[in-house]
Structure formats: structure tokens, C-alpha cells
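Both backbone and side-chain heavy atoms feed into the values below; hydrogens, waters and symmetry mates do not.
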Amino acid sequence: MFIRHVNYTLSTNVKTYYDSNGSTYTLNIKSNADWRIKSIERSSDKLLNIQTTDNLKVGTTGDANLSTGTDVRFTVIKEELSGIRGTVDVVFESTDNPKKFADKTITLKIIGGYYPKKHGGWAGSNIYWDGTKLTFDDVGVKTREKYQGVFFNWGSLWGIASAPNDGESLKWGHNVNLYAPGGVQTTYDNWATWPRVEEAITIYNVPEGKEHRDRAYLYEVTDLTGSTGIGDICRYLTEKGTNGLLHGKKWRMRPPMNLRTSK
């Protein structure tokens with residue numbers, strides 16, 4: 001009697017994310033066919049810090065092993081406070097001819113919290129719609145300091161008018177103007193479709209001397225393309241402004257109270 005594998009594959013114990021704290025991590029590769037690392041693509045050069053003892057490198061090979069597997073080691077950059085975030089796509093291929101399995105991509109998510117330094121001054125007003133765009137005033141500007149400004153759902157880049165169009169008492173989700181950071185004005189009637197970040201936020205390992213309330217999470221997740229509509233509206237307005245500045249400064253929301261500050 002002759003027994004052989006019909007299906008060949010490769011698997012590993014990849015984690016949901018890897019802290020950018022300078023640690024060395026290990027992937028355990030299990031496969032029922034010989035394999036080789038074909039390519040490694042990084043979304044940013046500032047993610048990995050491969051050491052001489054690491055073997056997450058193009059050309060690294062492993063034998064068929066479904067019991068103990070083969071360890072692949074890699075070291076990440078030490079950037080705990082910068083809010084660094086990116087991915088590393090590792091492509092594994094079969095070394096047999098013909099190949100026993102199709103190329104398999106494993107994605108490593110590298111993430112670090114952003115813990116900003118002390119701010120350089122409070123904004124002069126709430127965010128308001130000036131007729132063509134969302135904006136806010138510079139430090140010390142008193143002209144609109146008492147403006148109500150627009151409202152924001154948690155982590156949304158879209159502003160909500162502070163009163164309904166029909167003059168009735170404010171009814172969320174009914175006939176209210178929306179103001180997109182790109183200059184679009186519209187109305188909405190469905191609160192459930194409003195762009196926002198998830199309500200349950202996971203705070204990863206907190207660096208020594210910091211606490212989770214020091215972390216500027218919205219700054220980290222800001223979508224500067226505007227396609228998802230989530231993030232830190234102050235960062236978005238700054239980096240989409242002239243030369244990446246608004247009033248000559250860079251701005252961010254202040255954790256944990258979500259007040260705008262220049263940095």
C-alpha cells in the first residue's frame with residue numbers, strides 16, 4: 001500500500017500584530033513540502049531591523065516538517081513612541097518541480113503607539129465650516145473662539161452640523177448637514193452609515209513611563225486618503241493643507257481629552 005499527500009500547504013503562527021519595541025520574534029513554519037522565502041515586501045523601510053542571527057531573508061529554506069516545524073526569526077525596529085505602522089509581506093514558495101503548493105503570502109503587521117510630547121499651544125477655535133471647507137483658527141485668534149463648531153462622531157473626519165436644516169430641535173440622523181474635510185457638503189439621514197473608528201480600541205503594550213491615556217490613537221489611524229473617513233481631523237486638515245501645514249504648524253488632537261493642539 002502506498003500513501004502520499006494529496007494536498008500540500010504551508011502554515012505558521014503569525015500574530016495579529018508585532019510591537020515596534022526592538023524585540024526579536026519567531027514564526028514557526030509548518031509544511032508538508034520543502035519551501036523557500038521567495039520575496040519580502042515592506043510597506044516602509046522603517047519596520048524591521050534584521051540581525052545577523054535572524055533568518056527572515058530571501059532565500060531562507062526549510063524542509064517538509066509538520067511536527068516541530070522550522071523557526072524563522074526577525075527583529076523589529078525600536079520605535080515605541082512614534083505611532084509607526086506598516087506591513088511586511090513574506091512570500092513562501094515550494095522548491096519542488098513542479099511546485100507542490102502555490103506561493104503563499106504571510107503578512108506581518110508592525111505597530112507602535114504614538115505618545116506625543118507636550119503641545120505647543122491650543123487652537124483658537126473649535127472646528128467650523130467656513131463655507132467651503134472645515135478649518136479652525138490659530139493659537140491666540142479670538143475672532144471665532146466662541147463658535148460652537150461642528151460635531152464629530154468618535155474618530156470621524158466628517159463634521160456634523162450643530163443644528164438640523166429644518167430648524168427643529170437637533171435630531172441625530174434627520175436632515176442634518178455633513179461637512180467632509182475635502183470640501184463636500186451634503187445631508188444625511190442614516191446615523192448607522194456614519195464613518196467612525198471601532199468603539200472597542202485595543203491599547204497595545206504601553207512603554208515605560210507612559211500610560212494608555214497618553215496615547216494619541218486617532219493620530220495613528222488617520223486615513224490621509226480620506227477614503228474611510230476616520231482618524232484625527234486636525235492631523236488630516238494639517239497634512240492636506242498647503243505644504244502640510246495649517247497656520248504654519250502641524251496639529252493633532254490631544255489625548256485623552258481630544259482637544260486640538262499644535263505640536
Side-chain angles (χ1 to χ4, degrees), residues 17 19-21 43-44 46-47 77-86 110-130 133-145 147-160 179-183 194-207 209-263:
Y17 68 91
D19 283 318
S20 57
N21 57 10
S43 62
S44 167
K46 200 173 185 181
L47 293 173
I77 195 88
K78 186 174 177 59
E79 289 284 348
E80 295 179 278
L81 307 181
S82 67
I84 191 170
R85 178 179 294 254
I110 316 297
I111 184 172
Y114 175 47
Y115 297 82
K117 297 178 181 178
K118 184 178 179 180
H119 68 82
W122 302 110
S125 73
N126 288 317
I127 295 175
Y128 60 91
W129 179 259
D130 70 358
K133 64 183 183 301
L134 290 172
T135 189
F136 54 87
D137 296 336
D138 195 6
V139 176
V141 176
K142 305 293 185 180
T143 310
R144 303 174 182 84
E145 66 176 341
Y147 271 32
Q148 165 64 56
V150 295
F151 296 129
F152 288 90
N153 199 353
W154 170 246
S156 179
L157 298 180
W158 287 68
I160 309 171
Y179 303 108
W194 194 249
R196 59 188 182 276
V197 298
E198 64 270 23
E199 294 180 7
I201 297 174
T202 299
I203 299 299
Y204 304 109
N205 295 339
V206 179
K210 300 289 183 179
E211 59 179 73
H212 74 276
R213 288 173 63 84
D214 294 323
R215 182 178 174 187
Y217 176 79
L218 292 184
Y219 191 92
E220 299 173 34
V221 302
T222 303
D223 176 15
L224 294 175
T225 69
S227 60
T228 64
I230 65 172
D232 182 334
I233 182 60
C234 297
R235 180 187 181 192
Y236 184 93
L237 293 179
T238 294
E239 300 196 22
K240 288 297 183 180
T242 304
N243 298 321
L245 296 172
L246 186 61
H247 305 303
K249 303 178 179 69
K250 289 190 175 183
W251 299 79
R252 59 171 170 78
M253 305 279 280
R254 179 186 180 273
M257 297 168 60
N258 302 319
L259 300 175
R260 289 172 308 289
T261 65
S262 63
K263 69 169 185 175

Taken to the nearest 0.5 Å, the spacing of Ile84 CD1 from Leu47 CG works out to 5.0 Å

When every non-hydrogen atom of Tyr17 is compared with those of Ile111, the smallest separation belongs to CD1-CG2, 3.5 Å

In short, Glu220 meets Tyr114 closest at the heavy-atom pair OE2-N, 2.8 Å

Quick check: do Asn153 and Trp158 have side-chain heavy atoms less than 4.5 Å from each other? no

CD (Glu239) and CG (Leu245) are apart, to the nearest 0.5 Å, by 9.5 Å

If we ignore hydrogens and angles and just use 3.5 Å, is the side chain of Asp137 paired with the main-chain N or O of Ser125 as donor and acceptor? no

Say whether, by atom type as modelled, one donor and one acceptor occur between the side chain of Ser156 and the main chain of Arg196 under 3.5 angstrom. no

Between Asp214 and Pro116, the two heavy atoms sitting closest are O-CD, 3.6 Å

Flag side-chain contact, heavy atom, 4.5 Å: Tyr128 against Leu134: no

Do Trp251 and Val139 have side-chain heavy atoms sitting under 4.5 Å apart?
yes

When rounded to the nearest 0.5 Å, the distance separating CE of Met253 from CZ of Arg235 is 13.5 Å

Distance col, row Ile110:CD1 vs Ser20:OG, nearest 0.5 angstrom, shows 8.0 Å

CD1 (Ile127) and NZ (Lys133) are apart, to the nearest 0.5 Å, by 13.0 Å

(message) Does any part of the side chain of Leu224, heavy atoms only, come nearer than 4.5 Å to the side chain of Tyr236, both counted from C-beta?
(response) yes

Give a yes or no answer on whether the side chain of Asp232 reaches the backbone of Thr222 with a donor-acceptor pair at less than 3.5 Å.
-> no

| said: Taking the side chain as everything from C-beta on, heavy atoms only, tell me whether Asp138 gets closer than 4.5 Å to Lys249. | reply: yes

Interatomic distance, CD1@Ile233 vs CZ@Phe136, rounded to 0.5 Å, equals 8.5 Å

